[in-house]
**Q** 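The structure's right below; bear with me while I get my questions together.
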Amino acid sequence: MLVVDDDFMVARIHTRFVEQTDGFEVVGTAHTGADALRLVEELTPDLLLLDVHLPDQSGLDVLSRLRAAGHRVAVVMVTAERGADAVRAALHGGAMQYLVKPFEQADLADRLHHVAAALGVLGALGGLDEGQADQAVIDQAFGAVAGRGAPAAALPKGLSRETAELVLSAMRERTEISASEAGELVGLSRVTARRYLEHFVDTAAAEVRLQYGTAGRPARRYRAR
């Protein structure tokens, strides 16, 4: 694994977190985007812990350049950046997880284990001959990549599986989320985002909590199970 963070102390902390997680080891650290790109070429790590804020270029630019160059390294964004545009860019750019700083070692370990499970499924797919992947294996692969379970196969009319994956990923990266927040992160209207969130509640993929304010109807807050 390659750890990328502009803060030397933070990089050391993240390295220690990784080393405390069974099955993972750090092969190098980088503090700039240029160094990250160079070390990916030199060390060919399986996984990249990537900060958004780097001194020479955005970590999102690093992610984009890696994908444009054909690198399949798994990427976990570990950053203090909470902006909707950054989260959306990470989702669409192929990041497998997005963890907001500061976090505990257990939080990182949880993400790393899910990524490892996803990579294991994808590795099994890579070993299949053409035409041998049945629907169950394909569903397992997509579910693993989405992280901690995929949306139910049967979606209500008008909802797409691809968008459901994005909404579920956004919800999983927050302790709780509202329909408005989910819509902003994924690029949907509040009404449409709420349809997806309510579907997850109906299928037991999420739970809802009513948040009471000073006036008006209580706000609905969603949490992934």
Side-chain angles (χ1 to χ4, degrees), residues 1-119 145-148 166 168-175 177 181-182 184-187 224:
M1 180 185 303
L2 180 65
V3 174
V4 183
D5 199 291
D6 66 321
D7 189 310
F8 285 74
M9 179 62 70
V10 171
R12 284 197 291 269
I13 292 172
H14 291 173
T15 296
R16 188 171 70 248
F17 282 178
V18 171
E19 292 171 345
Q20 292 171 352
T21 305
D22 291 341
F24 296 87
E25 64 175 345
V26 174
V27 297
T29 59
H31 306 293
T32 67
D35 282 345
L37 293 169
R38 176 179 57 81
L39 289 175
V40 167
E41 293 283 355
E42 293 179 3
L43 303 175
T44 61
D46 296 319
L47 182 58
L48 190 64
L49 291 189
L50 181 59
D51 192 10
V52 169
H53 297 295
L54 299 173
D56 55 340
Q57 58 187 295
S58 167
L60 296 170
D61 290 334
V62 172
L63 174 59
S64 178
R65 292 184 181 186
L66 288 172
R67 295 298 180 247
H71 288 291
R72 297 182 180 180
V73 58
V75 175
V76 175
M77 307 302 299
V78 284
T79 176
E81 177 58 64
R82 297 171 179 264
D85 288 342
V87 176
R88 191 178 300 117
L91 285 169
H92 289 286
M96 298 182 73
Q97 294 286 341
Y98 194 107
L99 186 56
V100 176
K101 300 176 185 176
F103 50 81
E104 301 295 330
Q105 188 273 337
D107 297 321
L108 179 60
D110 178 62
R111 269 62 173 192
L112 295 182
H113 285 137
H114 287 297
V115 169
L119 294 178
V145 172
R148 288 158 285 179
L166 292 176
L168 184 60
S169 294
M171 179 170 56
R172 290 194 185 282
E173 298 309 322
R174 299 291 186 93
T175 302
I177 198 168
E181 292 165 348
E184 182 180 1
L185 287 170
V186 181

**Q** Donor-acceptor pairs are to be reported for all side-chain atoms of residues 10-21 against protein atoms at under 3.5 Å, with residues two or more places apart or in another chain.
**A**
{"residue": "Thr15", "atom": "OG1", "partner": "Ala11", "partner atom": "O", "Å": "2.8"}
{"residue": "Thr21", "atom": "OG1", "partner": "Phe17", "partner atom": "O", "Å": "2.9"}
{"residue": "Thr21", "atom": "OG1", "partner": "Gln105", "partner atom": "NE2", "Å": "2.9"}

**Q** When rounded to the nearest 0.5 angstrom, what is the spacing between CG in Leu37 and CG in Asp56?
**A** 8.5 Å

**Q** Quick one: closest heavy-atom pair of Ala86 and Glu81, and the distance?
**A** CB-CG, 3.4 Å

**Q** Under the side-chain contact (heavy atoms from CB on, under 4.5 Å) criterion, do Arg111 and Val78 qualify, and how do the steps go?
**A** CA-CA 11 Å; Arg111 269 62 173 192; Val78 284; over 6 Å; no

**Q** Counting only heavy atoms not in Arg38, do more than 12 sit closer than 6.0 Å to its CZ atom?
**A**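 Result for CZ/Arg38: enclosed.
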
**Q** Quick check against the 3.5 Å criterion: does Glu104 have a side-chain atom that pairs as donor or acceptor with the backbone of Ala106?
**A** no

**Q** Shortest non-hydrogen contact from His31 to Pro55?
**A** O-CD, 3.4 Å

**Q** Are any non-hydrogen side-chain atoms of Tyr98 and Thr79 less than 4.5 angstrom apart?
**A** yes

**Q** Taking all atoms of both residues into account, what is the closest heavy-atom pair of Pro45 and Leu39, and its distance?
**A** CD-O, 4.2 Å

**Q** Compare every heavy atom of Leu2 with every heavy atom of Ala30, then report the nearest pair and how far apart it is.
**A** N-CD1, 4.4 Å

**Q** Measure the spacing between CG of Leu49 and CG of Leu99 and express it to the nearest 0.5 Å.
**A** 9.0 Å

**Q** Let me confirm one number: the CG-CD distance from Leu91 to Gln97, rounded to the nearest 0.5 Å.
**A**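 These two atoms lie 10.0 Å from each other.
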
**Q** Identify the two heavy atoms, one from Val115 and one from Ala74, that lie closest to each other, and give their separation to 0.1 Å.
**A**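 Smallest heavy-atom distance, with atoms named: CG1-CB, 4.1 Å.
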
**Q** What is the distance from atom CE of Met77 to atom CG of Leu48, rounded to the nearest 0.5 Å?
**A** 8.5 Å

**Q** Is there a donor-acceptor pair closer than 3.5 Å between any side-chain N or O of Asp110 and the backbone N or O of Asp107?
**A**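 Checked: no pair found.
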
**Q** Could you check whether any side-chain heavy atom of Val62 comes within less than 4.5 Å of a side-chain heavy atom of Val40, counting everything from C-beta outward?
**A** no

**Q** CE/Met171 to CG/Leu166 distance, rounded to the nearest 0.5 angstrom?
**A**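 Answer rounded to 0.5 Å: 12.5 Å.
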
**Q** Identify the heavy atoms of Leu60 and Ala89 that sit nearest to each other, and give their distance.
**A** CD1-CB, 4.0 Å

**Q** Output yes when Arg82 and Glu173 qualify as a salt bridge under the 4.0 Å nitrogen-oxygen rule, no when they do not.
**A**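 Here Arg82 does not pair with Glu173 in a salt bridge, since their nearest N and O are not under 4.0 Å apart.
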
**Q** Can you tell whether the side chains of Asp7 and Lys101 come within less than 4.0 Å, N to carboxylate O?
**A**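 So Asp7 does not pair with Lys101 through a salt bridge.
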
**Q** If you round to the nearest 0.5 Å, how far is NE2 of His92 from OG of Ser64?
**A**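 Taking OG in Ser64 and NE2 in His92, the distance rounds to 13.5 Å.
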
**Q** Counting only heavy atoms not in Asp35, do more than 12 sit closer than 6.0 Å to its CG atom?
**A** yes

**Q** So do the side chains of Glu41 and His71 get within less than 4.5 Å of each other, counting heavy atoms only?
**A** yes

